Amino acid sequence: MEAEYLDGLNPEQRIAVEHFEGPILTLAGAGSGKTRVLTTRITHLIHEHGVDPSSILSVTFTNKAAAEMRTRIRRLLGREPAGMWIGTFHSIGARLLRRHAARLGWTPNFTIYDADEALRETKRTLERLRHSPKRWNPKAVHSAISSAKNQLVAPSQYEKMAADPFSRIVAEVYPAYDAALREQNAFDFDDLLVKPVELLRDHEEIRLAYRSRFTFVLVDEYQDTNHAQYVFLQLLTAGDDAGNIMVVGDDDQSIYGWRGADIRNILDFEKDFPAARIIRLEQNYRSTGRILDAANAVISRNTKRKGKTLRTEAGPGDLLTIVSTLDERDEGDWIGSEIEARMRRHPDVPLRGYVVLYRTNSQSRAMEEAFRRRDLPYQIVGGTRFYERREIMDALAYLRLISNPRDAGAFDRIINYPRRGLGDTSRAKLLEWAAQQAMTPLEAALRADEHPDLRGGAAQSFVTFAGMIQRYTALAAHIGVGELIEKLIAEIGMVDALRDEGPEGADRIENVNELIAGAADFDARADIDEEDRVEDATALDMFLQKVTLLTDVDRHDPDAQAVTLMTVHNAKGLEFPVVFIAGMEDGLFPLARAFDEPDTLEEERRLFYVAITRAERKVFISHARTRRRAGEVMPGRPSSFLDPLPKHLTDELTTPGLERARHAGETRWSRRDPVTGAGSLGYRDRPRTSGRSPRFEGSDDGVYIDYSDAQDAPRFVKGERVRHPQFGRGVIRDLSGLGQELKATIDFDTIGRKKVVLRYANLQKEL
DNA sequence: CCGTCAACAGTTTTT
DNA sequence: CTGTTGACGG
């Protein structure tokens, strides 16, 4: 007798679902039902093969995906898959660390430092080592440390490879930064991957225990795994053909190379597991025909891919509409008006069926303003995330210090917030004393009255503060997190402090209230996985660790009656009936810097492919004639990514705003240049650029940027050594800007980091 | 110690 | 254009 859950699977899906033992790679195109394959296979393993759920480890890309999969499995199975581990690499890493914290020298109530706190710690470390954070950009230093960690390069190894001055600074900061984290009983995001690898690598009995427990490992979005994650999986699965590992992914949707994701992981899976079975899911259940044809046309330009063509049984559907707009404001207005118009014509598509996708978060601003003007409900995913808002981080810093008294970052953040008369001077005195006496900042504060020279008022303030934190630490063992935050916020007078800040303080108060509500909800639902329970960890510890790992997508409410605004990155895995892709201009999508590196350009193209394939029924692609970027008005031309779109799949239109501007412009232009000016402003009549190469064509009407100059100038690449007439020798760290404005960020051997405009700099390649 | 103002740097994507 | 940092005076 066959289980019902197998009904309706296509032959390929069915093979993947029924696969029992041994490695298997499932290349799942966009919309090919991979989540269904994963959940059904897990169900099948448990139901049909009698696999104990606690033998299953399933890795997802977001917490939300994990929660959804668990729910679906519960439904298919008719019971809770108790003991199954499902979560992101980071949350699974955190769980392992919590269970074995002592092995590594941490305690289970460790703090997870988010990006912001990690950056602050980097800066503090630089200062401690007497390096100026002005000369050596803390962000760059931290990002170098982060990449090193993701490549599993330990401080000692890094030290050996550090040749240039910048790397030598990093080599110095890296171990000191790690030591500071250890002292504070903290991990950063990257540690959540790196430390579990160390744990499994260096402790055989732990490695063997987990290997024998997790006999079935499933990994979603495998194309976006980095080296540390790869090694983590190898350690867990023994890394040979005996392992029952299923990876699901799509090389065409690999969009996290900048974060260290290594597309070779998926491309080389067959080399790693020679016996691997390979299944291709090319049947798409999401989009109509023309959308898929367009997506296929775009992605076929990439060279580094396994090759895969999506097909659908749905009809051809609508054309993709390419919209020319005047500027970003006009673009937002047009999108808003089109949504309103479609709402009237297609009442079956609710507001939540619309999404606006863009390349960079800064584009959300114009959209937001346009939607506000029209009173169109929207929800923004990403950008300044909830848990990254200042007031939320302040409140959380209190909780962190209460949960983990060694957290110096938290101490630093809140010691004078709200104001308690403890400025830089008193703080510096206390911290110096603390370091001398080998005390944590909080311990020092508690004994501040013993400090040799601290103003009496300040000393008293420190003692009161530390006493309060201690009281809450004791309290945290007995009351719920919601109640704890509520009491705390009241005691420190945070609401009053925010109210004094003026109008935007009201929003912040709202956010704080939302945090309290969230915590109360956490208490009410007893939102702790049994597998996460460890001795000596309080509900507060669990709450904090969970909250830091939440992403914005996790907070996205798919049922809200609102248009969704988000970056293409955030849209991965989601689908919408109607998709707007905004800002489709060269230099923005793809970003300018991508033109220097073929691999990056391919990644941008995959990103565009991801954007198109989010759509079920309709795609709009808009670009603006001019766009304000960092206060400057920049001219733009339609993205060269549009070039491969066959004419028969698209139609083009111009917004009324651009139409008006064009008429006004023609009169002006024709006076100046009656021959070439008239009618040439609109590229609608202009032949499509060939798009055979990423090389730009020259401007044809004076409005688009002339890129041809950039081709003649010497071309520089990142990492290249150069010589500057004034600043001497250095290494190019970064390139930005376009054409005439091309700028290079250079780490000079003698004077550190500087940004120069290539046009003026007269840079030479160093021989 | 704290508020104000000018100067300045920074804009890619995120766990 | 915006958020952050530094200098200065109360």
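Protein chains get the first letters and strands the later ones, always in sequence-line order, with residue 1 at the start of each. The model shown is predicted, which means the values in this text are computed figures rather than measured ones.
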Which of these nucleotides, [options], is closest to any side-chain atom of [X]?
{"X": "A:Ala115", "options": "B:dT14, B:dT15, C:dT5", "result": "B:dT15"}
{"X": "A:Thr360", "options": "B:dT12, B:dC1, B:dT14", "result": "B:dT12"}
{"X": "A:Thr88", "options": "B:dT15, C:dT5, B:dT14", "result": "B:dT15"}
{"X": "A:Asn416", "options": "C:dT5, B:dT14, B:dC2", "result": "B:dC2"}
{"X": "A:Lys123", "options": "C:dT5, B:dT12, B:dC1", "result": "C:dT5"}
{"X": "A:His90", "options": "B:dT15, B:dT13, B:dC1", "result": "B:dT15"}

Using whole Å, report how far [atom1] of [X] lies from [atom2] of [N].
{"X": "A:Phe589", "N": "B:dT13", "atom1": "CZ", "atom2": "C1'", "result": "10 Å"}
{"X": "A:Arg359", "N": "B:dT13", "atom1": "CZ", "atom2": "P", "result": "7 Å"}
{"X": "A:Arg329", "N": "C:dC1", "atom1": "CZ", "atom2": "P", "result": "14 Å"}
{"X": "A:Gln460", "N": "B:dC1", "atom1": "CD", "atom2": "C1'", "result": "18 Å"}
{"X": "A:Met584", "N": "B:dT12", "atom1": "CE", "atom2": "P", "result": "17 Å"}
{"X": "A:Leu119", "N": "C:dT4", "atom1": "CG", "atom2": "P", "result": "12 Å"}
{"X": "A:Lys134", "N": "C:dT5", "atom1": "NZ", "atom2": "P", "result": "11 Å"}
{"X": "A:Asp188", "N": "B:dT14", "atom1": "CG", "atom2": "P", "result": "18 Å"}

side-chain N/O [X] vs [N] OP1/OP2, d < 4.0 Å:
{"X": "A:Thr567", "N": "B:dT12", "result": "no"}
{"X": "A:Asn137", "N": "B:dA9", "result": "no"}
{"X": "A:Arg419", "N": "B:dG3", "result": "yes"}
{"X": "A:Ser362", "N": "B:dT12", "result": "no"}
{"X": "A:Asn361", "N": "B:dT13", "result": "yes"}
{"X": "A:Arg629", "N": "B:dG10", "result": "no"}

Are A:Glu127 and A:Arg124 close enough for a salt bridge, meaning some N to O gap below 4.0 Å? no

4.5 Å side-chain heavy-atom contact, A:Trp106 and A:Leu97: no

Would you mind telling me which residue lines up with the more 5' stretch of DNA chain B, A:Trp258 or A:Ala458, judged by nearest nucleotide?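 The answer here is A:Ala458.
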
Find which nucleotide of DNA chain B each of A:Arg455 and A:Thr62 is nearest to by heavy atoms, and output the residue with the more 5' nucleotide.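 The residue whose closest nucleotide sits nearer the 5' end is A:Arg455.
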
Given the rule in the salt bridge (Lys or Arg N to Asp or Glu O under 4.0 Å) test, do A:Asp407 and A:Arg400 qualify, once you have shown the distances and angles that lead to the verdict? CA-CA 7 Å; A:Asp407 189 333; A:Arg400 278 164 47 194; 2.9 Å; yes

Mind checking [X] for me? I need base, sugar-phosphate or nothing, with any heavy atom below 4.0 Å counting as a touch.
{"X": "A:Ser91", "value": "nothing"}
{"X": "A:Tyr256", "value": "sugar-phosphate"}
{"X": "A:Asn570", "value": "sugar-phosphate"}
{"X": "A:Lys139", "value": "sugar-phosphate"}

Report the C-alpha distance between A:Asp262 and A:Arg264 in whole Å, list the side-chain angles of each, state the deciding distance to 0.1 Å, and finish with yes or no for salt bridge (Lys or Arg N to Asp or Glu O under 4.0 Å). CA-CA 5 Å; A:Asp262 193 345; A:Arg264 282 175 305 182; 2.8 Å; yes

Just checking A:Phe61 against A:Tyr256, ring centres under 6.0 Å apart?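 Yes, close enough.
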
Geometric class of the A:Phe411/A:Phe462 ring pair [parallel <30°, tilted 30-60°, perpendicular >60°]: parallel

Atom CZ of A:Arg98 and atom OG of A:Ser91: how far apart are they, to the nearest 0.5 Å?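 Interatomic distance, A:Arg98 CZ to A:Ser91 OG, rounded to 0.5 Å: 8.5 Å.
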
Derivation of the salt bridge (Lys or Arg N to Asp or Glu O under 4.0 Å) call for A:Glu585 and A:Arg627: CA-CA 10 Å; A:Glu585 296 132 44; A:Arg627 182 176 298 274; 2.7 Å; yes

Which dot-bracket string describes DNA chain B (Watson-Crick N1-N3 plus N6-O4 or O6-N4, or G-U N1-O2 and O6-N3, all under 3.5 Å; [ ] crossing; | other strand)? ||||||||||.....

Rounded distance in Å between the P positions of C:dT4 and B:dT13: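 One P to the other, the span is 16 Å.
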
With sequence neighbours excluded, residues passing ring-ring contact (aromatic ring centres under 6.0 Å, His included) with A:Tyr113: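 If we apply the ring-ring contact (aromatic ring centres under 6.0 Å, His included) test to A:Tyr113, skipping adjacent residues, there are no hits.
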
